[in-house]
Amino acid sequence: MPELPEVEVTRRELAPALLGRVIARVHTSVPSYFFLTPPRTLARRLKGRRADELQRHGKYLLLGLDSGARVLLHLGMTGQLFMDGASSVRLLSSAAAASLAPEEQMRFTPDAHTHVTLAFEDGGPRMHFRDVRKFGKVEWLPEGQGSPRLDKLGVDALLATGEQLHASTRKRRAPIKSVLLDQSVLAGVGNIYADEALFLAHVHPTLVAHRVSRARCHALVAAVQRVMLRSIETGGSSISDYVRPGGDDGGYQDERRVYARTGEPCPECGAVIQRIVVGTRGTHFCPRCQR
DNA sequence: CGTTACACCTGAGGGC
DNA sequence: TGCCCTCAGGTGTAAC
């Protein structure tokens, strides 16, 4: 699920709930390829560390610790990072939830899909990382060590320029949509925002990348940034699994123009939104607006 | 090097 | 109700 906007909303909401706190206990699920660092090793190294910063690169989060080590986090398709009390936010009015003392707030009960739970020395709300499909990732990065995964990333989509996209597309004959999804070109673009940006820029998803003009590349990057900034404002897209760290749903799913709207009328021209497959990904577009 | 196909894993929803 | 199929917001790898 989560693309750049959902990861950024997660970062912004998780940081104030996490930073400055010292980890007292770590609970994990069993080993799986979700754990790039084995769970017991991860738990041992995290214990006693203070969370000092939370950064984002593309769809990755990096939790910086007082020792200088970092934890790499990726939400995959169904990852959820949230704090204790999150379910009460859904069930109670925010006023009622705010009036509860910390020890009265509902505590989440970790299930088989909860792979990491951090408890803190202050006894306050714990942090949970759930991921049903386990496409997400957790990795311990020792002090001073980089990560091949991070090194492969291109410029963050929010910081990219049209010139950079234009340069990256010159030798590519793949569909422009596939290049937008390539994390070594624009880090953070996923299936929803690729479809939405192509629609806003009026570019057909299967257009061969090196045939996209400089002006179209500029329009595409502007469209990517416009939809992502608006999505961040509304809390991201909650289509099936994504929840914010406080337990609320995002709001951008209500503003989608084409993604998962097959058969519905185009919001600009009324033509029927089509679904095709581009590079194995479901792709939604308006056959009249995007040529 | 670029491109494509597929594997990884679980669950929801549709058709019969 | 049950079974079988397709689909899902991502990414790493192998093979051409």
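This one's a predicted model, so the numbers in the text were calculated from it and none came from an experiment. So you know, we letter chains A, B, ... as the sequences are listed, proteins then strands, and number each from 1.
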* To do: Hey, can you tell me if A:His284 and A:Tyr259 have their rings parallel, tilted or perpendicular (30° and 60° cut-offs)?
  =>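 Plane angle over 60°, so perpendicular.
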Spacing of [X] atom [atom1] relative to [N] atom [atom2], expressed in whole Å:
{"X": "A:Arg281", "N": "B:dT4", "atom1": "CZ", "atom2": "P", "answer": "15 Å"}
{"X": "A:Leu73", "N": "C:dT11", "atom1": "CG", "atom2": "C1'", "answer": "16 Å"}
{"X": "A:Phe34", "N": "C:dT11", "atom1": "CZ", "atom2": "P", "answer": "14 Å"}
{"X": "A:Arg275", "N": "C:dA8", "atom1": "CZ", "atom2": "C1'", "answer": "10 Å"}
{"X": "A:Asp241", "N": "C:dA8", "atom1": "CG", "atom2": "P", "answer": "14 Å"}
{"X": "A:Leu186", "N": "C:dG10", "atom1": "CG", "atom2": "C1'", "answer": "16 Å"}
{"X": "A:Leu180", "N": "C:dT11", "atom1": "CG", "atom2": "C1'", "answer": "17 Å"}
{"X": "A:Tyr193", "N": "C:dG10", "atom1": "OH", "atom2": "P", "answer": "10 Å"}

A:His113 vs A:Ser178, nearer the 5' end of DNA chain B by closest nucleotide |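 Comparing both residues, the 5'-ward one is A:Ser178.
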Work out how far the P atom of C:dC3 is from that of B:dC9, and round it to whole angstrom.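 Looking at atom P only, C:dC3 and B:dC9 are 23 Å apart.
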Can you tell me, in whole Å, how much space there is between the P of C:dC7 and that of B:dA5?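 Straight-line distance between the two P atoms is 15 Å.
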- Query: Which residue pairs satisfy the ring-ring contact (aromatic ring centres under 6.0 Å, His included) criterion with at least one member in residues 118-160 of chain A, sequence neighbours excluded?
  - Reply: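 Every pair satisfying ring-ring contact (aromatic ring centres under 6.0 Å, His included) with a residue in residues 118-160 of chain A: A:Phe34-A:Phe129, A:Phe82-A:His128, A:Phe108-A:His128.
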Taking the side chain as every heavy atom from C-beta outward, state whether A:Val243 and A:Asp248 have any atom pair closer than 4.5 Å.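 No. Closest side-chain heavy atoms not under 4.5 Å.
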Is the shortest heavy-atom distance from the side chain of A:Val277 to the side chain of A:Thr283 under 4.5 Å?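 No. Closest side-chain heavy atoms not under 4.5 Å.
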With sequence neighbours left out, write down each residue that passes side chain to side chain contact (heavy atoms under 4.5 Å, CB included) with A:Ser29, or none if nothing qualifies.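 By the side chain to side chain contact (heavy atoms under 4.5 Å, CB included) rule, A:Ser29 matches A:Phe35, A:His115.
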Distances under 3.5 Å between nitrogen or oxygen atoms of protein and nucleotides 12-16 of chain C:
{"residue": "C:dG12", "atom": "OP1", "partner": "A:Tyr60", "partner atom": "OH", "Å": "3.3"}
{"residue": "C:dG12", "atom": "OP1", "partner": "A:Arg149", "partner atom": "NH1", "Å": "3.0"}

Who pairs with A:Glu139 by side-chain hydrogen bond (donor to acceptor under 3.5 Å, both in side chains), at least two apart in sequence or on another chain?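 side-chain hydrogen bond (donor to acceptor under 3.5 Å, both in side chains) list for A:Glu139, sorted by chain: empty.
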For this session: Please determine, by modelled atom types, if A:Ser238 and A:Tyr252 share a side-chain donor-acceptor pair under 3.5 angstrom.
Result: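 No - no donor-acceptor pair under 3.5 Å links their side chains.
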A:Gln183 vs C:dT11: side-chain N/O to OP1/OP2 distance below 4.0 Å
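Result: yes.
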For A:Leu72, the rest of its hydrophobic cluster, which grows through side-chain links under 4.5 angstrom |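 Members other than A:Leu72 - counting any ILVMFWY side chain reachable under 4.5 Å - are A:Tyr60, A:Leu62, A:Leu141, A:Leu150, A:Leu153.
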- [ ] Please list, chain by chain and in numerical order, all residues satisfying salt bridge (Lys or Arg N to Asp or Glu O under 4.0 Å) with A:Lys177, sequence neighbours excluded.
- [x]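 Expected list: A:Asp195.
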In a table with atom names and distances, give each donor-acceptor pair under 3.5 Å that connects a side chain of residues 202-226 of chain A to protein atoms at least two apart or in another chain.
{"residue": "A:His202", "atom": "NE2", "partner": "A:Glu268", "partner atom": "OE1", "Å": "3.0"}
{"residue": "A:His204", "atom": "ND1", "partner": "A:Thr206", "partner atom": "N", "Å": "3.1"}
{"residue": "A:His204", "atom": "ND1", "partner": "A:Thr206", "partner atom": "OG1", "Å": "3.0"}
{"residue": "A:His210", "atom": "ND1", "partner": "A:Arg172", "partner atom": "O", "Å": "3.2"}
{"residue": "A:Ser213", "atom": "OG", "partner": "A:Arg216", "partner atom": "N", "Å": "3.0"}
{"residue": "A:Arg214", "atom": "NE", "partner": "A:Glu163", "partner atom": "OE2", "Å": "2.9"}
{"residue": "A:Arg214", "atom": "NH2", "partner": "A:Glu163", "partner atom": "OE1", "Å": "3.4"}
{"residue": "A:Arg216", "atom": "NH1", "partner": "A:Ala201", "partner atom": "O", "Å": "3.2"}
{"residue": "A:His218", "atom": "NE2", "partner": "A:Glu163", "partner atom": "OE2", "Å": "2.9"}
{"residue": "A:Gln225", "atom": "NE2", "partner": "A:Ala157", "partner atom": "O", "Å": "2.9"}
{"residue": "A:Gln225", "atom": "NE2", "partner": "A:Leu158", "partner atom": "O", "Å": "3.3"}
{"residue": "A:Gln225", "atom": "NE2", "partner": "A:Ala160", "partner atom": "O", "Å": "2.9"}

Positive for side-chain contact (heavy atoms from CB on, under 4.5 Å) with A:Leu180, one of A:Val185, A:Leu198, A:Asn191
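That would be A:Leu198; it is the only one of A:Val185, A:Leu198, A:Asn191 passing the side-chain contact (heavy atoms from CB on, under 4.5 Å) with A:Leu180.
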Collect all protein-nucleotide pairs involving nucleotides 1-3 of chain B in which both atoms are nitrogen or oxygen and the distance is under 3.5 Å.
{"residue": "B:dT3", "atom": "OP1", "partner": "A:Arg173", "partner atom": "N", "Å": "2.5"}
{"residue": "B:dT3", "atom": "OP1", "partner": "A:Ala174", "partner atom": "N", "Å": "2.8"}
{"residue": "B:dT3", "atom": "OP2", "partner": "A:Arg172", "partner atom": "NE", "Å": "2.2"}
{"residue": "B:dT3", "atom": "OP2", "partner": "A:Arg172", "partner atom": "NH2", "Å": "3.0"}

| said: Show me the pairs that pass salt bridge (Lys or Arg N to Asp or Glu O under 4.0 Å) and involve residues 59-70 of chain A, at least two apart or across chains. | reply: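 The answer is A:Arg49-A:Asp66.
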What salt bridge (Lys or Arg N to Asp or Glu O under 4.0 Å) pairs are there with at least one residue in residues 9-34 of chain A, not counting sequence neighbours?
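Sorted pair list: A:Glu8-A:Arg11, A:Glu8-A:Arg12, A:Glu13-A:Arg244, A:Arg21-A:Asp122.
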query: NA contact type, A:Tyr259, heavy-atom cut-off 4.0 Å: base, sugar-phosphate, or nothing?
result: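 Here A:Tyr259 touches the backbone only, sparing every base.
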- Task: With heavy atoms under 4.0 Å as the rule, sort A:Arg256 into base, sugar-phosphate or nothing.
- Result: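 No contact.
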Given Watson-Crick and G-U pairs under 3.5 Å, DNA chain B in dot-bracket ([ ] crossing, | other strand) is .|||||||.|||||||
message = For the OG1 atom of A:Thr37 and the CZ atom of A:Arg40, what is their distance to the nearest 0.5 Å?
response =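 Spacing of OG1 (A:Thr37) from CZ (A:Arg40) equals 15.0 Å.
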Nucleotide N/O to protein N/O under 3.5 Å, stretch nucleotides 7-9 of chain B:
{"residue": "B:dC9", "atom": "O2", "partner": "A:Arg133", "partner atom": "NE", "Å": "2.8"}
{"residue": "B:dC9", "atom": "N3", "partner": "A:Arg133", "partner atom": "NH2", "Å": "3.3"}

